Amino acid sequence: IVEVSHRISQGILETAIDEQANFIILGREKNPMFLDRIYASVIDTVLDEAPCEVAVLHGDLPEGVFKSILIPFGENIHTRLAFEIAPAIADYFKCKAEVAVVFEPETTVKQQDEQLKRIGALVESSGLLARVIVIKNKGIRQGIVQQSKSTDLIVMGGRSGEFFGLLLGQSLTQEITEQSACPVLWVNEYEEKPSLWKLLFSPVEKEVEEHHG
C-alpha cells in the first residue's frame, strides 16, 4: 500500500482507518538521539488517536533461540493487553514467559498479597503459563532493568507519554526501555477519547486525599 501524505505519522493513521486495521506495529530505535526522539514523539502523538491497538518494538530481536519473555506488571488496560498478546509470542518463539512485579520498600505485606492475587487471576484468565518473579526493596525502573539482563524480550503495557514528557526524558516507560539489556515491545490498548466539548464543559475533578487509619 502506497500512501501519499504531508506527514508520515498522518499517513499511517489514515491508512489504518481506510483499511479498517485492528492492530498497528511499528519499530523504533531503542536509544534515540535528540532529533530521533522529537520525530518519534510526533508519531506517538498522532497514533494516540489510532482506532485500534498499537505495538512499538524498540531495538532488534536477537537472532537464534529465544529463552524467555518478561512482562512487567502494572495495573492498567495496557498491561492487560500485554498479557493477552504474550501467549502468542511465547508460543511463536517456543520460550517461557515470566511476570515481574516490583514491591518498593513502603509496600505492606497485605498490599503485596493482594497484588499477587490480582496477578494470579490475570495470568489464569489470559491462559498464559508464566512464572511470577517478585522483586523487593527496589524502584520499578531499577528492578525491571536488572531483570532484563536475564530475558530476551520485554513485553510491557503503557502509554508512550505526552510529547514533552518523552522529549525531556520524563517517562518511566522510556527510561526502562532505554536502559534495558534487551529489546522492549510496548503495547497500547485502544482507548476511546472523550469529545472536545465534553472535556471543555465537564466539571473539574478535585483531588481527594486518602487517609488510612
Side-chain angles (χ1 to χ4, degrees), residues 8-9 12 23-50 52-63 66-86 88-90 92-93 95-104 119 122 128 130 132-133 135 138-191:
I8 294 176
S9 53
I12 295 172
F23 198 37
I24 297 175
I25 303 176
L26 299 170
R28 140 179 331 164
E29 290 291 334
K30 190 169 180 291
N31 298 288
M33 302 297 289
F34 182 78
L35 292 179
D36 294 329
R37 186 170 294 178
I38 293 178
Y39 170 75
S41 300
V42 171
I43 290 180
D44 286 339
T45 301
V46 176
L47 289 180
D48 189 52
E49 302 176 6
C52 58
E53 281 69 40
V54 180
V56 184
L57 177 64
H58 300 76
D60 299 321
L61 293 177
E63 298 180 0
F66 252 67
K67 295 181 180 179
S68 67
I69 61 173
L70 179 70
I71 310 168
F73 179 74
E75 298 192 84
N76 55 61
I77 62 173
H78 310 299
T79 296
R80 289 199 294 271
L81 178 61
F83 273 86
E84 293 173 5
I85 291 176
I89 298 176
Y92 179 82
F93 289 110
C95 65
K96 63 181 181 180
E98 298 174 329
V99 178
V101 56
V102 180
F103 292 134
E104 297 181 281
I119 294 173
L122 187 56
L128 179 66
V132 178
I133 300 172
I135 304 170
K138 292 184 178 179
I140 296 174
R141 177 191 55 79
Q142 182 184 3
I144 299 302
V145 169
Q146 178 181 333
Q147 196 62 36
S148 72
K149 298 175 182 178
S150 58
T151 191
D152 297 299
L153 175 68
I154 292 177
V155 182
M156 65 187 299
R159 307 297 279 182
S160 53
E162 297 295 333
F163 175 80
F164 287 107
L166 274 178
L167 182 60
L168 300 176
Q170 298 172 347
S171 166
L172 176 61
T173 303
Q174 184 70 35
E175 289 181 2
I176 292 174
T177 300
E178 293 185 3
Q179 296 178 31
S180 292
C182 65
V184 179
L185 178 68
W186 291 356
V187 290
N188 293 338
E189 178 70 82
Y190 168 70
E191 293 182 282

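Predicted model only: the values in this text are computed from it and were never measured.
Looking only at side-chain heavy atoms (C-beta outward), C95 and K67 stay at 4.5 Å or farther from each other. The closest side-chain heavy-atom distance from V184 to T173 is not below 4.5 Å. Considering only heavy atoms from C-beta on, V101 stays 4.5 Å or farther from V99 through its side chain. By the 4.5 Å heavy-atom criterion applied to side chains, E53 and V187 are not counted as neighbours.
Taking OG of S180 as the start and NE2 of H58 as the end, the distance is 10.5 Å to the nearest 0.5 Å. Note that SG of C182 is 10.0 Å distant from CG of L61, once rounded to the nearest 0.5 Å. Note that the CD1 atom of I24 and the SG atom of C52 stand 4.0 Å from one another [nearest 0.5 Å]. Distance check: M156 CE to N188 CG gives 10.0 Å after rounding to the nearest 0.5 Å. The OH atom of Y190 sits 10.5 Å away from the CD1 atom of I77 when rounded to the nearest 0.5 Å. Between the CD1 atom in I144 and the OG1 atom in T177 there is a gap of 11.0 Å [rounded to 0.5 Å].
A parallel orientation is assigned to the rings of F66 and F93, their planes being inclined by less than 30° (bins at 30° and 60°).
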Pair L172-I176, side chain to side chain contact (heavy atoms under 4.5 Å, CB included): steps then yes or no: CA-CA 6 Å; L172 176 61; I176 292 174; 4.1 Å; yes
Test side chain to side chain contact (heavy atoms under 4.5 Å, CB included) applied to L153 and L57, step by step: CA-CA 10 Å; L153 175 68; L57 177 64; 4.1 Å; yes
Step-by-step side-chain hydrogen bond (donor to acceptor under 3.5 Å, both in side chains) determination, E178 to Q174: CA-CA 6 Å; E178 293 185 3; Q174 184 70 35; 2.7 Å; yes
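Closest approach of A86 and I69 over heavy atoms only: O-CD1, 3.8 Å. A97 approaches L128 most closely through the heavy-atom pair CB-CD1, 3.8 Å. Listed here is the closest heavy atom pair of G157 and A82: N-CB, 4.1 Å. Taking both residues in full, the closest heavy atoms of K138 and E104 are given as O-CG, 3.5 Å, listed atom of the first, atom of the second, then distance. For E189 against H78, the heavy-atom pair with the smallest separation is N-ND1, 3.0 Å.
The ring-ring contact (aromatic ring centres under 6.0 Å, His included) check on F103 picks up nothing, with sequence neighbours excluded. Applying the salt bridge (charged side-chain N to carboxylate O under 4.0 Å, His left out) rule to E84 yields no partners; only residues at least two apart in sequence or on another chain are considered.
When the options T79, I71, V132 are evaluated for a side-chain contact (heavy atoms from CB on, under 4.5 Å) with I119, the one that passes is V132.
Between the side chain of T151 and the main chain of S148, no donor-acceptor pair closer than 3.5 Å is present.
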